[in-house]
Number of protein chains: 4
Amino acid sequence: MPRAVREQQMLDAAVRTFARCGYRSASMDEIAELAGVSKPLVYLYLNSKEELFTACIRREAAALVAAVRAAVEPDAAADRQLWSGLHGFFAHTAAHPDGWALLHVQARTQGEPFAREVAAMRAEMVELVTRQIAAAAQEAGCALGMAGQEVPGLAQALVGAAESLAEWAGAEGGPSAKETAATLMNFAWAGLGNLTQGQAWSP
Amino acid sequence: MPRAVREQQMLDAAVRTFARCGYRSASMDEIAELAGVSKPLVYLYLNSKEELFTACIRREAAALVAAVRAAVEPDAAADRQLWSGLHGFFAHTAAHPDGWALLHVQARTQGEPFAREVAAMRAEMVELVTRQIAAAAQEAGCALGMAGQEVPGLAQALVGAAESLAEWAGAEGGPSAKETAATLMNFAWAGLGNLTQGQAWSP
Amino acid sequence: MPRAVREQQMLDAAVRTFARCGYRSASMDEIAELAGVSKPLVYLYLNSKEELFTACIRREAAALVAAVRAAVEPDAAADRQLWSGLHGFFAHTAAHPDGWALLHVQARTQGEPFAREVAAMRAEMVELVTRQIAAAAQEAGCALGMAGQEVPGLAQALVGAAESLAEWAGAEGGPSAKETAATLMNFAWAGLGNLTQGQAWSP
Amino acid sequence: MPRAVREQQMLDAAVRTFARCGYRSASMDEIAELAGVSKPLVYLYLNSKEELFTACIRREAAALVAAVRAAVEPDAAADRQLWSGLHGFFAHTAAHPDGWALLHVQARTQGEPFAREVAAMRAEMVELVTRQIAAAAQEAGCALGMAGQEVPGLAQALVGAAESLAEWAGAEGGPSAKETAATLMNFAWAGLGNLTQGQAWSP
DNA sequence: GATGAATGAGAATTCATTCAT
DNA sequence: GATGAATGAATTCTCATTCAT
């Protein structure tokens, strides 16, 4: 069996195991067995537990970013762009719950070599959102009426809310990606103030 | 030295150690040394690493919930109540970073026995927020114009955004609890739609 | 059982195992079993394979040097002093063949941290011999007629010959310490030139 | 490339690797890479690590013995023969430090199958020296005044001193082969007794 | 003749946990 | 109530060795 294929099998097994047990608790024995290979082969291809974990993080992060970028409709209105991006995000995390848990729950916990990888991906997301908020303000003919300095905080809040909802929606029998994206747009775009007065946002 | 005091010392040491090293990496030796007692005594009082970790989670979760409940101004307007609760939340997490890290970062990564404890606390928070949103809608004389079924999702989003901001604000030189609460209220209450048109929320 | 006693048992087992198998081939399992304790206890007391090996080297080196110093008759004539020192040396190495093998055969092979320990002991020996050669020259009323610069080489040669003979005499049924010392004195003091003409050295 | 050539390349690589890392620490991977061939080929030609090591020892031992035999001037006087043999010995060990380290430092530490190989070579050397000492005695017209039984011990001492000096002279900036041989002849032939009275040996 | 792919066996080290005192 | 002494069970990682091609 060619090396590239085996390597993907190993990464699949590792993502799953790391996502469920955490970095420390996952054992290389477990991963090798789940991948259907012997432990030395895992070491031959991926060198160490640390490198294996890093490889998992990179693969999953790249896949998630690609999914979101592909989902955004570049020529639509600002709110519509945000919505499509969120939809892509929730669709991907729902389809790859282990990958998402790896990134969101496990990798950020394990300190420096790993947290940095996730932080880089998150920064990409935050920047994407920031640009969309700025575009929305411009579209509204308004030079960011609110203090521009708050935008980072808002983007953090939106990304944080999305991450949190992804985890929640990922549970058994949770809402669909489309529903989750709509809920978050209601929350984030219309605001609770409007919502409680009966004014919702809709795509 | 009375047993109860010794026990709290041990929990203090354990919270700090678990928060910084994670459940697996923290060693009972480390904890016992930091607490200034011998390892067998830790076992005598707290039985096992698992029970010790659980005790830490429960203590910190109870403290956080209590802080939030105490902060809410029960007779104020709906948005004001939400704001005061958030303020209490951010103030507590900033004041007890190890406790917050234990709950938010470490406990959730260790799988079943522990994640459940945190989930229970989170559910309490979500329910508290849900009641406040419902109260706000009622105040506005409106039977929740949006599908009432969305409220749980909104509460999840708000709690998730708060958790995310707590981590972000907890960094060195981050914003104060009051500033963080204001940012989140802007985001959550006024909504990005209004904000981008220059209309902010203020307490 | 008190710690100090256990520690000596472990060192005994380690000296024997390292001497017979070499540093790399000796396994901590073997040593622990031979010492009659569990492996973690060996680590608790001696920290690592490296530190254990170092402790063995130090103990055996100190014992050997002490034996030689104790054997030298300080007020005798120069040749007699040399002879008594050699006798002490051969007696000790014959009585502790594992310790000698550890120092002479194994420790010097294993590169820096260890070779240095043995080199230090050897330097002590060489210096002792050098002083005795110088004393002999003075006694003979001769300011080291031979090029003084050759003394280090001569001392090296004598110590090297002694080390080599120790190994040879250590074999099953080899000569006694006294015989070996006499042989070496004949060789070193009288010289082959005289010996082959029938003139031997005797104590 | 013919098999014999490849085999020598492998042995070259193996001698170098074994000499520098020791038998256990040297890995077949390293050796194969240094030899520029794949690992299975090493196994095809040399069967196992053990056989490979043995082959190295035999090759280097044979080369050393041949060098010494070639250096001896068969028709010269007894002391001159000894001197020329020692010169050959020191010249060869200086020219082939890896080979010498393999024989003197590494092979002897690895216990039975290997130490025996070196011992056989050493026995050959000792026998050669023994014959030369006997010849010297005969030349001097003297039936070995000293107990003939001491000759083996003397030969051991001479060979041991030579080995020891070879290591010492092998260091960076050490004496030349000629100088080393002279030092040893002074020591061994004239004896410390004469030397300390100003009477040296010279070729 | 030569190699990419694969593994069984064993190495050092760590840690939660328990007694006898 | 408190502890020094001790260990069973993992864990990460390495390496000599073998086939199918």
Side-chain angles (χ1 to χ4, degrees), chain A residues 1-7 10 21 23-32 35-53, chain B residues 1-3 6 23-32 36-53, chain C residues 1-7 10 21 23-32 35-53, chain D residues 1-3 6 23-32 36-53:
Chain A
M1 185 168 308
R3 173 165 180 156
V5 176
R6 274 271 194 257
E7 228 171 89
M10 289 179 197
C21 309
Y23 178 62
R24 284 297 304 253
S25 295
S27 92
M28 296 296 272
D29 271 305
E30 243 177 310
I31 293 171
V37 298
S38 71
K39 214 179 357 163
L41 199 58
V42 179
Y43 278 91
L44 188 63
Y45 285 3
L46 290 143
N47 303 321
S48 72
K49 197 182 189 183
E50 199 168 319
E51 279 189 42
L52 173 58
F53 195 44
Chain B
M1 187 170 302
R3 169 159 181 161
R6 271 275 165 85
Y23 177 63
R24 286 297 299 248
S25 293
S27 89
M28 295 297 273
D29 272 301
E30 247 177 307
I31 293 171
V37 298
S38 75
K39 219 177 358 165
L41 196 59
V42 179
Y43 277 92
L44 188 64
Y45 285 4
L46 289 143
N47 303 320
S48 75
K49 197 184 190 184
E50 201 169 319
E51 283 188 40
L52 173 58
F53 194 45
Chain C
M1 183 168 310
R3 175 166 178 153
V5 177
R6 274 270 194 258
E7 227 171 270
M10 290 179 197
C21 309
Y23 178 62
R24 284 297 305 252
S25 295
S27 91
M28 295 298 272
D29 270 305
E30 245 177 309
I31 293 170
V37 298
S38 72
K39 214 176 0 162
L41 198 60
V42 180
Y43 277 91
L44 189 63
Y45 285 2
L46 290 144
N47 302 321
S48 72
K49 196 181 189 185
E50 198 169 320
E51 280 189 43
L52 173 58
F53 194 45
Chain D
M1 187 171 304
R3 169 159 182 162
R6 271 276 165 85
Y23 177 62
R24 286 296 300 246
S25 294
S27 90
M28 296 297 272
D29 272 302
E30 248 176 307
I31 293 170
V37 299
S38 74
K39 218 176 358 164
L41 196 58
V42 179
Y43 277 90
L44 188 63
Y45 284 3
L46 289 144
N47 303 321
S48 73
K49 197 184 190 184
E50 202 169 319
E51 282 189 39
L52 173 57
F53 194 45

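Chain identifiers are assigned alphabetically (A, B, ...) following the order of the sequence lines, protein sequences preceding nucleic acid strands; residue numbering begins at 1 within each chain.
- In this structure, Asn47(B) atom CG and dT17(E) atom P are separated by 10 Å, rounded to whole Å.
- Between Cys21(C) and Glu30(C), the shortest heavy-atom contact is SG-OE2, 3.8 Å.
- If you measure from atom CD of Glu30(C) to atom P of dA9(E), you get 19 Å, rounded to the nearest angstrom.
- For the salt bridge (charged side-chain N to carboxylate O under 4.0 Å, His left out) test, no residue two or more places apart in sequence or in another chain qualifies with Glu51(A).
- In terms of the side-chain hydrogen bond (donor to acceptor under 3.5 Å, both in side chains) criterion, Ser27(C) has no residue partners (sequence neighbours excluded).
- Rounded to whole Å, atom P of dT14(F) lies 15 Å from atom NZ of Lys49(D).
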Base-pair map of DNA chain E as dot-bracket, where | denotes pairing with a different strand and pairs are Watson-Crick or G-U under 3.5 Å | .||||||||||||||||||||
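- dA11(E) atom C1' lies 15 Å from atom CD of Glu50(C), rounded to whole Å.
- Among the heavy atoms of the strands, none lies under 4.0 Å from Ala32(C).
- Rounded to whole Å, atom P of dA12(E) lies 15 Å from atom CD of Glu51(C).
- Residues meeting the side-chain contact (heavy atoms from CB on, under 4.5 Å) test with Lys39(C), sequence neighbours left out: Met28(C), Asp29(C), Ala32(C), Tyr43(C).
- Every side-chain hydrogen bond (donor to acceptor under 3.5 Å, both in side chains) that Ser25(B) has, sequence neighbours left out, goes to Arg24(A).
- The side-chain hydrogen bond (donor to acceptor under 3.5 Å, both in side chains) check on Glu50(D) picks up nothing, with sequence neighbours excluded.
- Judged as a side-chain contact (heavy atoms from CB on, under 4.5 Å), and not counting sequence neighbours, the contacts of Arg6(B) are Met1(B), Gln9(B), Val37(B), Leu41(B), Tyr45(B).
- In this structure, Leu46(D) places its CG atom 14 Å from C1' of dA16(F), rounding to the nearest Å.
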Base versus backbone protein contacts along nucleotides 3-10 of chain F [heavy-atom cut-off under 4.0 Å; B, S, -] = BBSSBB--
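- When rounded to the nearest whole Å, the span between CZ of Phe53(C) and P of dA12(E) equals 13 Å.
- Set against dT18(F), dT12(F), dT17(E), the side chain of Tyr43(B) has dT17(E) as its closest nucleotide.
- Take the nearest nucleotide of DNA chain E for Arg24(C) and for Ala26(B): the residue whose nucleotide is more 5' is Arg24(C).
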